[in-house]
Amino acid sequence: MKIYAIFLSVLLLFSVSGCEKSAEKVANTVTVTTNRGDIVIMLFNETPKHKDNFLKMCDEGFYDSLLFHRVIESFVIQAGDPASKGAAAGVLLGEGDAGHRVEPEFDTTLVHIRGAVGAAREGDDVNPQKLSSGSHFYIVQGRNGITEENTDLSKYTETVRRRYLREGGVPRLDGGYTVFGYVIEGMDVVDRIAAERTDANDRPIEDIVILGTKKGRLNKKETEKYYNQYHAE
């Protein structure tokens, strides 16, 4: 059985150098419209393969009518299984995908803080190259519970350490999964979805449907603003 999910990974050393250079370029956005509201994602220029793939999938309408089929409060919400479109209640989802992979683009400036958008993948045992699914993506909702006592943040820069302690996230995923975007509007929607009742397979009891996606583009001032927000101390 192949399940595109998010597993444990090792911690790496992270810094924020280079974000200024990336912020000089305007950023693409995607608005994901759900039956719970809109989520606006800024795509990172540091991960061009994932950015271009996500934009292409949106252009093709791939995500239209798909479900957020995996929802775990204080962790992530996940979508991207084509089999979730019109799936009967209670059916196990997560095995379907778009049929292609994307090479990993690990960037030390991009970490799994609250609001980060990443690419799910199969586990290391069958996917040692850590290739990303061509369609499955997740949004980090985790917002609390990280302390110096229960999480080793010593390998991070002071800026990243403070972000994790203040806002939350999933640092154990860093270095194992590609982060390619950041929610700039609609984290309240993510929180509402994360709070939905789910079954034993983490599928919401009431379907959370992606009604459509719409591409956009930030201007230089907006791009710098949101890059600074993502990398803020």
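Counting from 1, the numbers follow the sequence of the chain as shown.
Using a 4.5 Å heavy-atom cutoff, the side chains of T47 and V179 are not in contact. Looking at heavy atoms from C-beta onward, K25 lies out of side-chain contact with Y227 at the 4.5 angstrom threshold. Put simply, the side chain of L165 reaches to within 4.5 Å of the side chain of E148, judged on heavy atoms. Residues F68 and R36 have side chains not in contact (no heavy-atom distance under 4.5 Å, counting atoms from C-beta outward). Counting heavy atoms from C-beta on, the side chains of V140 and I113 never come closer than 4.5 Å.
Using a 4.0 Å cut-off between a side-chain N of Lys or Arg and a carboxylate O of Asp or Glu, D52 and K56 do not qualify as a salt bridge. By the 4.0 Å N-to-carboxylate-O rule, E103 lies close enough to K49 to be salt-bridged with it. Electrostatic pairing of K214 and D38 does not count as a salt bridge here, judged by no charged N lying under 4.0 Å from a carboxylate O. Looking at K225 and E222, no side-chain N of the basic residue comes within less than 4.0 Å of a carboxylate O on the acidic one, giving no salt bridge.
Under the 3.5 Å distance criterion, the side-chain polar atoms of Q141 are matched with a main-chain donor or acceptor of S74. With hydrogens and angles ignored, the 3.5 Å screen pairs a side-chain donor or acceptor of N228 with a backbone N or O of E224. Remark: side-chain polar atoms of D174 are not paired, donor with acceptor, to backbone N or O of V111 under 3.5 angstrom. When atom types are taken as modelled, the side chain of N201 and the backbone of R203 share no donor-acceptor pair closer than 3.5 angstrom. Between the side chain of D207 and the main chain of V209, no donor-acceptor pair closer than 3.5 Å is present. A donor-acceptor pair under 3.5 Å links the side-chain atoms of R163 to the main chain of A232, judged by distance alone. Listed for the E105 side chain is a donor-acceptor partner under 3.5 Å among the backbone atoms of H50. Checked by atom type and distance alone, the side chain of Y177 never pairs as donor or acceptor with a backbone atom of S132 at under 3.5 Å. In this structure, the side chain of D202 does not engage the main chain of I72 through any donor-acceptor pair within 3.5 Å. Of the possible polar contacts, none joining the T178 side chain to the P104 backbone as a donor-acceptor pair under 3.5 Å is found.
Remark: E60 CD is packed, more than 12 non-hydrogen atoms of other residues, nucleotides or ligands lying under 6.0 Å away. Counting non-hydrogen atoms of neighbouring residues, nucleotides and ligands closer than 6.0 angstrom, the CD atom of E158 exceeds 12 such neighbours.
What you find for G176 and K130 is that their closest heavy atoms are O-CD, 4.0 Å. The minimum heavy-atom distance between V71 and A194, with the atom names listed, is CG1-CA, 3.6 Å. Here the closest heavy-atom approach between residue D97 and residue S133 is recorded as CB-OG, 4.1 Å. Closest non-hydrogen pair, G96 versus P82, comes out as C-CD, 3.6 Å.
Side-chain rings of F44 and Y226 stay apart, their centers remaining 6.0 Å or farther from each other.
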Check your understanding: Is there a side-chain hydrogen bond (donor to acceptor under 3.5 Å, both in side chains) between Y138 and H112 once you walk through the steps?
Key -> CA-CA 11 Å; Y138 57 88; H112 285 81; 2.7 Å; yes
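Residue F137 forms a ring pair (Phe, Tyr, Trp, His ring centres under 6.0 Å) with just one option from F54, F62, F180, and that option is F54.
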